[in-house]
Number of protein chains: 2
Amino acid sequence: MDIHHLKIFASVYKYKSFTRASEELHISQPTISEHIKNLENSLDCRLFDRLGRSIMPTAEAEVLYPKALQIIDDLELLQEEVTAASTMIKGKLVIGASTIPGTYILPGVAYSFKKQHPDVAFEILIEDSARITNMVLQHELLCGIVGARIVSDKLDYTPLIEDELVLVATPKVLNQKTITLEKLTNIPFLQRETGSGTRQTFENFLEKNNCTSQNFNIVATLGSTSAVKQAAKAGLGAAVISRMAVQEALDSRVLKEVRINNLKIRRNFYLVRQKKRTLPHQYLAFCLHLRKGC
Amino acid sequence: MDIHHLKIFASVYKYKSFTRASEELHISQPTISEHIKNLENSLDCRLFDRLGRSIMPTAEAEVLYPKALQIIDDLELLQEEVTAASTMIKGKLVIGASTIPGTYILPGVAYSFKKQHPDVAFEILIEDSARITNMVLQHELLCGIVGARIVSDKLDYTPLIEDELVLVATPKVLNQKTITLEKLTNIPFLQRETGSGTRQTFENFLEKNNCTSQNFNIVATLGSTSAVKQAAKAGLGAAVISRMAVQEALDSRVLKEVRINNLKIRRNFYLVRQKKRTLPHQYLAFCLHLRKGC
DNA sequence: AACCGTTATCGGTATTATCTATTTAACTGA
DNA sequence: TCAGTTAAATAGATAATACCGATAACGGTT
């Protein structure tokens, strides 16, 4: 017994006629006869008494009819709800982000998105780039915003916004406008943990300039951007930090920016997701919003 | 989209595997693939992301799954409820009956039936045999109990119990043990209306004895057995009435029985129903009970 | 690079849904 | 009572599709 049988039955019941039903459903009358016969066999009871020119529903048909209608309705509702799920922008949005985008980009973008689509609820998870990327790979997150790419043919990266890393320090630690890389290795230096996108970017920069962090005078390795910033403010050493994160400290002259070899350290933030996973509709909409809004 | 698709989808979702589902459903894996593809096309969305060795349900699948289970369940319930309708003895029992069976037979039989099957509710409609039979023909009643048969190839009659019609009168009207038909025609006579089974039976009796009610001295035609009985008691005339209806009056000597030509007027009560209508199960059970109990 | 486990695709077969034409049955009206 | 009408059942044929086995393609593992 499937839905098709029930639809045919319902139509026959409604019109009390095989022929009328066949007209409504655009199916030939013998086909209707056949289906009703099959339904009767599968339910092991007669559904209509054939009286010759007319038919009459049996007690079983009376029981079946309302329930059949209900199921037919439910099935239509089901289709609509699935369609709704793939067209409406609502539901949970769990976004992973590394420190800088999670702190200085996402809140604003999430706010403006929620203003347009009030039925979404954000959950923003902040971890370093490596951890976020790993969670995406493990299907623990559907997408993330990170400051470093790892090589993986499973992942799809979309560039979102450019950021600049700047060398900062208190005047006591470094009181000059520029510095060469060679000289920098002698300065007490603060760095992030290995998984950090900021660190990754800086190390790429060093490599490009034939250098490595092993030459540096590392006074501390710290687990977050703000920890590094606080340490730098305290005069513990110099550090390379996203401009976004230190703009305030630069404005208030607590920290000073020092150019390295007169170069800029640029990096991109990326939206990262698995190539093969289809994103729920609210995620797609948010990703679009992100690309426009950054 | 039909139930089969939903069942396959539910199994795939449950195992997160096309192959496991194919094993559970005893269908080949390519068939599963095909059905999921069809379902995806008909819903116009992807339901599982094929990640290579494994699959992951999409947001749409998450929406679909619980609702699909619900509908599958509902459909099974539906089957059970239809089966229940054709096996359980419960519900309304609308029985038509002519005066004598409706008054002297049905109440007792209905009572004993309801004791065995408390979930039935009787509705007993009393009209004369002709009207009851007509209502059966018009599908206004599913069955009736009547004292006269009409010729119709649509109707099915089952004999239930034998009854006897007796000529009764007050001693003032008729003070003798027997009477001949010829003499009876001179006696003031009370009769029922045309549709009455009692009258039909009596006229058949007259015809068999080469007589007709037109020869009779009809003082009144009355619309019910009890009206005729009351009129007879009042001494308005003689009447032919079911023995069941006048037993009390005979016992109390209010009325006296007079034999006609030393003959007995017998008749049967019949269960009447349309040959082509299938009776609901409680009706079938009651009809069986009737035949046993009479 | 070779090997597994999983899904997709292909080509063919079996089933069944559907059609038209016709028959059967019951009611209608002359 | 009998032709005419209407509706459902049946028969015979065809088209759609459900299903299968074999195998390719793909990702992950060794």
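All chains are named by letter (A, B, ...) in the order of the sequence lines, taking the proteins before the strands, and each is independently numbered beginning at 1.
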Inset, instruction - Name the first nucleotide and the last nucleotide along DNA chain D (5' to 3') that come under 4.0 Å of a heavy atom in chain B. - result: dA18(D) to dG28(D)

Inset, instruction - Give the B/S/- string for nucleotides 17-22 of chain C, one per nucleotide from 5' to 3', where a protein heavy atom under 4.0 Å of the base yields B, of only the sugar-phosphate yields S, and otherwise -. - result: SBBBB-

Inset, instruction - Classify the side-chain pair S28(B)/T31(B) by whether it contains a donor and acceptor separated by less than 3.5 Å. - result: yes

Inset, instruction - May I ask you to check whether T19(B) and Q29(B) show a side-chain donor-acceptor distance below 3.5 Å? - result: no

Legend entry - Note: E193(A)-R199(A) ion pair, threshold 4.0 Å (strictly below): no

Legend entry - Heavy-atom side-chain proximity of Q79(A) to L43(B) below 4.5 angstrom: yes

Inset, instruction - Using a heavy-atom cut-off of under 4.0 Å over every strand shown, decide if R50(B) touches base, sugar-phosphate, or nothing. - result: sugar-phosphate

Inset, instruction - Give L51(B) one of three labels, base, sugar-phosphate or nothing, depending on what nucleic acid heavy atoms sit under 4.0 Å from its own. - result: sugar-phosphate

Side-chain donor-acceptor distances from residues 153-161 of chain A under 3.5 Å, at least two apart:
{"unit_1": "Y157(A)", "atom_1": "OH", "unit_2": "I150(A)", "atom_2": "N", "d": "3.1"}

Inset, instruction - Specify the separation, in whole Å, of atom NZ of K276(B) and atom C1' of dA26(C). - result: 8 Å

List, one per line, each side-chain donor-acceptor pair under 3.5 Å for residues 69-78 of chain B, sequence neighbours excluded.
{"unit_1": "Q70(B)", "atom_1": "NE2", "unit_2": "D74(B)", "atom_2": "OD1", "d": "3.1"}

Inset, instruction - Send over the distance from R53(B) CZ to dC3(C) P, rounded to a whole Å. - result: 15 Å

Legend entry - Check ion pair R20(B)-E24(B) (N to O, under 4.0 angstrom): no

Legend entry - Non-neighbouring partners of Y283(B) that pass ring pair (Phe, Tyr, Trp, His ring centres under 6.0 Å), sequence neighbours left out: none

Legend entry - K7(A) charged N/C atom sitting above F9(A) aromatic ring, 6.0 Å / 45°: no

Inset, instruction - Grab the CD1-C1' distance between I36(A) and dT16(C) for me, whole Å please. - result: 17 Å

Inset, instruction - Establish, with yes or no, whether the OP1 or OP2 oxygen of dT7(C) is under 4.0 angstrom from a side-chain nitrogen or oxygen of K37(B). - result: no

Legend entry - Donor-acceptor contact below 3.5 Å, side chain T58(B) vs main chain L47(B): yes

Inset, instruction - Starting at atom CE of M56(A), determine the distance to atom C1' of dA26(C), rounded to an integer number of angstrom. - result: 16 Å

Legend entry - Interface residues of residues 11-19 of chain A with DNA chain D (non-hydrogen, below 4.0 angstrom): S17(A), F18(A), T19(A)

Legend entry - Identified salt bridge (Lys or Arg N to Asp or Glu O under 4.0 Å) counterpart of D49(A) within the set K276(B), R277(B), R273(B): R277(B)

